[in-house]
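Data block below; observations after.
Residue numbers count from 1 along this sequence. All ligand and atom numbering here is 1-based and tracks the order in the structure.
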Amino acid sequence: MNNRNWFCWIAVFLCSALLLARSQAQSRPAADLIVTNAKVWTVDKSVASAQAVAVLEERIVAVGSSAEVDAWRGPRTQVIDAGGKLLLPGFNDAHLHFVSGGMQLNNVQLKDATSPQEFARRIGERAKITPEGEWILGGNWDETKWNPPSLPTKALIDAVTPDAPVFVTRYDGHMGLANSVALRLAGITAKTPNPPGGVIVRDEKGDPTGALKDAATDYIDKVIPPISHDQRMRIVKRALAYAASVGVTSVQHMGADYEDIAVYAELQRRAELTTRIYAAPLITNVDDQAKLGIGHAFGGPYLRIGAVKAFADGSLGSGTAYFYEPFLSQGNNRGLLSDEMHPIALMRDRYSKADASGLQICTHAIGDEGISTVLDLYAEVIKAHGEADRRLRIEHAQHMAAKDFDRFAQLHVIASVQPYHAIDDGRFAESRIGHDRASRTYAFRTFLDHGVRLAFGTDWEVAPLDPMLTVYAAVTRATLDGKNPNGWFPEQKLTVAEAVEAYTMGSAYAEFQENEKGSITPGKLADMVEVSDDIFSIAPENIRDVRVLKTFIGGRLVLDRDRTTGH
Ligand SMILES: [Zn+2]
């Protein structure tokens with residue numbers, strides 16, 4: 001071989017190597033984001049754990065070891081070193097009330113005001129930042145924490161609220177305090193009679209003190225104006241920021257008003273949604289969505305509709321959940337079916353209309369007979385319209401009849417449950433319904449054993465939005481009163497892995513999105529959270545203190561505690 005031939009061979013070799021490198025570069029663009037040096041819990045059984053994730057645009061493109069994922073690095077790739085912290089799929093809250101929750105954040109907080117002076121100071125501070133014409137609401141005050149524990153009066157707050165109407169409620173919801181502006185707007189004077197079922201508290205001269213009990217609060221409720229579009233926008237933005245701060249990247253808004261959806265749609269157009277939303281208006285308006293001809297999960301990755309929320313009965317605490325047997329020591333009260341179930345044929349018709357339109361049905365049912373009645377109706381819908389992938393849901397599914405677990409599974413009904421309610425209601429449930437029925441209350445383990453799919457949520461604003469409290473509740477079942485440190489009906493505890501799966505894949509399945517989110521899997525939306533501690537190895541009772549450090553939605557960092565100072 002002469003020199004000339006050598007030269008040719010080397011040239012051919014170099015050219016093909018160059019071409020190969022180029023074609024590889026073309027088939028693999030550089031990632032926009034790499035999170036490396038993490039403990040990745042994927043919730044994906046094919047790759048249970050990994051150390052790094054690469055994201056291109058808004059989707060995950062690689063999950064694996066730091067070295068494997070590093071192959072996706074390019075000159076413009078943002079690389080985040082997680083410092084060995086745990087990375088989870090973003091939490092998906094399958095049942096909440098997003099705008100009521102946001103309103104609660106917006107309200108003045110008085111629950112831990114331990115003196116009348118502190119109570120007045122907080123209301124005064126709020127008045128300074130309240131736009132003209134808006135009411136100061138909320139509160140949850142508790143005068144039993146004061147010394148002496150006397151009811152607050154308008155005199156306490158009038159001086160700091162000369163212009164703003166105030167109506168702050170007691171924590172139990174049975175009483176509120178109005179200031180003089182609010183009393184004037186409601187037309188309440190010394191001459192106003194007590195309404196049936198209510199009391200206007202008066203001083204020795206007969207003048208209203210501002211405290212109003214039960215039905216007397218209706219006088220005020222009637223004059224509080226409905227919230228404007230701008231107010232609703234501010235409330236939703238606050239809720240979005242709060243959701244990002246606790247690692248909630250998807251929410252399913254049960255009973256959303258159309259005005260709420262209008263705000264979501266506006267934010268979606270402006271690319272300002274930092275939480276994905278599935279909104280389910282009330283089934284009482286099923287005709288509207290049926291007329292539009294949209295089906296379940298209609299929309300895009302940030303905003304979907306196509307579900308309806310129905311009510312079958314009431315709640316345990318108020319004695320209105322519908323049971324086969326009476327509540328203990330409440331005479332023959334066994335609760336009530338809701339007005340939507342009077343007559344049952346009314347609900348049957350609405351279910352039928354919703355299902356025929358391809359809408360997803362989510363029904364609130366808490367008592368054992370309430371749940372059983374809904375399962376009967378669901379079975380009728382399936383029989384009438386034929387088998388289909390409809391993912392019927394029962395919201396809360398709180399007190400199960402033993403006979404219904406199998407039926408729940410056979411009908412492929414999803415149990416959309418809120419574990420925090422278990423550690424809250426667990427304080428008093430047995431005194432209301434006895435040991436036997438309590439043993440099938442929030443029976444998460446029994447559901448899984450029967451092959452029922454769980455979706456986790458909170459019912460925010462009724463319970464806290466923070467997912468760590470829900471995981472803690474499902475894993476420990478330690479009631480809030482501290483009386484069951486080893487768990488209330490501990491045989492129903494879930495493992496941390498099961499709780500995380502129900503809160504991510506389970507909730508994604510419940511909104512027909514299991515191929516789009518719910519696990520850290522190549523191809524899925526890059527919704528992820530980095531948390532302060534490894535919830536799989538710390539003591540379960542410490543899970544409630546774990547904080548979210550970073551929240552990614554579609555690869556976008558929407559919360560970064562490492563960059564926010566002072567927290
Ligand atoms: Zn709810």
Checklist entry - So, is His95 placed with an N/O/S atom under 2.8 Å from the Zn ion (ligand 1), counting both backbone and side chain? => result yes
Next on the checklist: I'd like to know whether the aromatic ring centres of Phe489 and His435 sit less than 6.0 Å apart in this structure.
Outcome noted: yes
Checklist entry - When you check the side-chain N and O atoms of Arg170 and Asn140, is any donor under 3.5 Å from an acceptor? => result no
Checklist entry - Do you know which N/O/S atom name in Asp459 is closest to the Zn ion (ligand 1)? => result OD1
Checklist entry - Has His364 got an N, O or S atom lying less than 2.8 Å from the Zn ion (ligand 1)? => result no
Next on the checklist: If the threshold is 4.0 Å, N to carboxylate O, is there a salt bridge linking Glu134 and Arg234?
Outcome noted: yes
Item to check | Leu105 CG to Trp460 CH2 distance, which is reported to the nearest 0.5 Å | outcome: 4.5 Å
